[in-house]
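These notes concern the structure reproduced below.
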Amino acid sequence: MISEKDIMYVADLAKIKLDAAEVKKFTSDLNDIVEYAAMLKEVDVAGVEPMYSPNLDEGTPEREDVVGASLTQSEALAASKYIDRGHFRVPKIIEGQ
Amino acid sequence: MDNILGLTLAELSALLERKELSSRELIAFYIDRIERFDGKLLAYLYKDAESALKRAEQIDDRRAKGEKLPRSAGLPCALKDLIVTSDMPTTCASKMLEGFISPFDATAAKNMREAGYISLGKLNMDQYAMGSSGESSYFQKTVNPWDYSRVPGGSSSGSASAVAARLTPVAISSDTGGSIRQPAGFCGVTGLKPTYGRVSRFGVVSYASSLDQLGPITNSVEDAAFVMDVLGLNDPMDSTSAPSKTDFYANLQRAGDSLKGVRLGLPEGHLSDLAPGLKAAVENALKDCEKLGAEIVNVDFPLAAKGLPVYQMIANAEAASNLAKYDGVKYGHRANIAELEEMYSITRREGFGPEVKKRIILGTYILLEGQYEEYYRRAMRIRRLIRKDYDAAFKKCDLIVGPVSAGVAFRFGDKTISAMEMYLNDLFTVLLNLNGSCGITVPCGFGEDNLPVGLQFQGDMFAEDALLRAAHIYQQSTDWHKRIPALLENGVER
């Protein structure tokens, strides 16, 4: 059983602030889903390798590490609303001066 | 001009090349339809008539000067709003990305543009492609052109609705668990989910990276093949991208008109628990395939019932990871909060809709130490067993055939749909994404309340040629794909 405390813990990890009603609803929803997923335990998976991707069983292809064309700083930052002197401005992180 | 609606992309291309039709006229024709009908359909999230007409004029000028242009130069298209574009916003139908304009183009968008396609705009969808009715869009609810009180399906709600209403001849969409095939079925259009790796995912906002795949929604299989020649290019920016393939359309031209020698596998149980009207349409379609020479054989997917929970575990775990980047720091919505940790969690509270939040919470839970092995890794193992079931099925048949949904398009907010029906809806589509191979929905008649019914063909990995061939031969023997819904203009049906 997933408890409301579990949901609050997970929501904190996922950095989503939930209100009490959402905690209640998601607790109920997740319990339904996880209960339903319990049927997966019936499947014998001994010795079966996980299939993480449909076409990468051979591994991820690699290429030569060469520098190619890329966005300029101003292009990369153009879509942001929080730019200050060429940087992303965020709320203060370190306390004090 | 109204006969434009009856023409394939190849026929339109020929008219443009012979200068019997200008691109400006063609684009203006579609813009006019969007202006007349989209106010009620709400398929488009963003449209830019002025830029589209300007590009059309440029192409007409180049053609007038005798320049050799790609065969698709001057044809219209539209993009699902998760394909990033530097000339239009990309929002994923979310508040989080409201107004966001990407500094670069997705490879699919770039390939379409370089082939001369002119984008009419960006199409509505379920928020972050999470949903199967279109109702989770932050901005608007696209309606089904066949019945405005019904959903168009999802997540490619705007794409399927726009193509059915002929507000674009082609929409580039995405399919993670059925998001191309199911709405195509609900709206009576053709929807192709290519093999994973066939179309580059670079610049496509990720939902579940090991399941997502782009593909076209069109009015015919022929048009789907025509567009695939442009979409099927290898992309070094996507490490899962397959080698280039550009002969989909040429191969389809040699399809012939017989399904003799084609074995169509019907999965055990796929004709039970269907809405009766839909079932009758699918059964008729199967008979039509037999008349065309196909042999129907039974195939079995012993793990089919496990497909949905496997899909839920994998898709949500991947979604939780993919959506971690929306923290308010760089792009998109940021809550006006002075404390950093709180800024993150309020930004995500405000920026994501309820369905997105639920899936992130579920995915994060599955990835917790202790749950990871039990749910996520176990699901990935069962996924391999499902692949083995597909491999076994494709020894007995060339393609798998069956319904794409258990019922026709449902009403907005309908709570009366049985849990079994919703479950079957997913059952018919998610297994294919887990396997990674290709599938297509084609319209095959009308069911309950005279709403469209889709027939789904599924093929093996990279077997698009065989898939498109069979779907095309079936489609050419019918006229379902030529039916156009009556649209409302100022309250009058057109």
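Numbered from 1 within each chain, the chains take letters A, B, ... in sequence-line order.
A donor-acceptor pair under 3.5 Å is absent between the side-chain atoms of A:R63 and the main chain of B:S239, judged by distance alone. Judged by distance alone, the side chain of B:R378 and the main-chain N or O of A:L40 form a donor-acceptor pair under 3.5 Å.
If you measure heavy-atom distances from A:E22 to chain B, the contacts under 4.5 Å come from the side chain alone. For B:F100, the part lying under 4.5 angstrom from a heavy atom of chain A is the side chain only. Using a 4.5 Å cut-off between heavy atoms, A:L71 touches chain B through its side chain atoms alone. Only the side chain of A:I2 comes within contact range of chain B, with at least one heavy atom under 4.5 Å from a heavy atom of that chain. When heavy atoms are compared at a cutoff of 4.5 Å, B:L368 approaches chain A solely by way of its side chain, counted from C-beta outward. Within the 4.5 angstrom heavy-atom criterion, atoms from both the backbone and the side chain of A:A11 approach chain B. Neither the backbone nor the side chain of A:D12 comes within contact range of chain B; no heavy atoms are under 4.5 Å apart.
A side chain to side chain contact (heavy atoms under 4.5 Å, CB included) with B:I382 holds for exactly one of A:D44, A:V48, A:V43; it is A:V43. Among A:L30, A:L13, A:I7, the one residue that satisfies the side chain to side chain contact (heavy atoms under 4.5 Å, CB included) test with B:Y365 is A:L30.
Annotation for A:P54 and B:M461: closest pair O-CE, 3.7 Å, computed over non-hydrogen atoms. In this structure, A:A79 and B:I101 approach most closely via the heavy-atom pair CB-O, 3.0 Å. Nearest heavy atoms, A:L18 versus B:I361: CD1-CD1, 4.1 Å. A:A37 and B:P309 get closest at one heavy-atom pair: CA-CB, 3.9 Å.
A:Y52 and B:R377 share a donor-acceptor pair across their side chains, judged by distance under 3.5 Å alone.
In this structure, A:I33 CD1 and B:I366 CD1 are separated by 8.0 Å, a value rounded to the nearest 0.5 Å. Taking CG of B:N435 as the start and CE of A:M51 as the end, the distance is 5.5 Å to the nearest 0.5 Å. If you take CG on A:D29 and NZ on B:K357, they are separated by 13.0 Å, rounding to the nearest 0.5 Å. Here B:K358 contributes atom NZ and A:K25 contributes atom NZ; the two are 5.5 Å apart, rounded to the nearest 0.5 Å. Rounding to the nearest 0.5 angstrom, the gap separating the CG atom in B:L362 from the CG atom in A:D32 is 11.5 Å.
For the set B:R387, B:M313, B:R383, the count of heavy-atom pairs under 4.5 angstrom toward chain A peaks at B:R383. Options B:A320, B:G436, B:A338 differ in how many heavy-atom pairs under 4.5 Å they form with chain A, and the most are formed by B:A338. Ranked by heavy-atom pairs under 4.5 Å with chain A, the first of B:E342, B:E318, B:R381, B:E350 is B:R381. Most heavy-atom pairs under 4.5 Å with chain B: of the set A:I93, A:D6, A:V34, this distinction falls to A:V34.
Residues of residues 324-337 of chain B that come closer than 4.5 Å to chain A, counting heavy atoms only, are B:G328, B:V329, B:K330, B:Y331, B:G332, B:H333, B:R334, B:I337, ordered by residue number.
Contact check on B:E341 versus A:K15 returns a salt bridge, with a Lys/Arg side-chain nitrogen under 4.0 Å from an Asp/Glu carboxylate oxygen. The pair B:E374-A:K41 meets the salt-bridge criterion, since a charged nitrogen lies less than 4.0 angstrom from a carboxylate oxygen.
Counting heavy atoms of neighbouring residues, nucleotides and ligands inside a 6.0 Å radius, atom CD of A:E62 does not exceed 12 of them. The 12-atom threshold is exceeded at NZ of B:K95, counting heavy atoms of other residues, nucleotides or ligands nearer than 6.0 Å. The environment of CD in A:E4 is crowded: more than 12 heavy-atom neighbours from other residues, nucleotides or ligands sit within 6.0 Å. For B:E373, the CD atom counts as densely surrounded, since its 6.0 Å shell holds more than 12 non-hydrogen atoms of other residues, nucleotides or ligands.
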For side-chain contact (heavy atoms from CB on, under 4.5 Å), just list the numbers for A:D19 and B:R349, CA-CA rounded to whole Å, side-chain angles, deciding distance to a tenth of an Å, and then say yes or no.
-> CA-CA 9 Å; A:D19 62 27; B:R349 168 180 184 76; 3.1 Å; yes
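B:Y196 places a side-chain heavy atom less than 4.5 Å from the side chain of A:S53.
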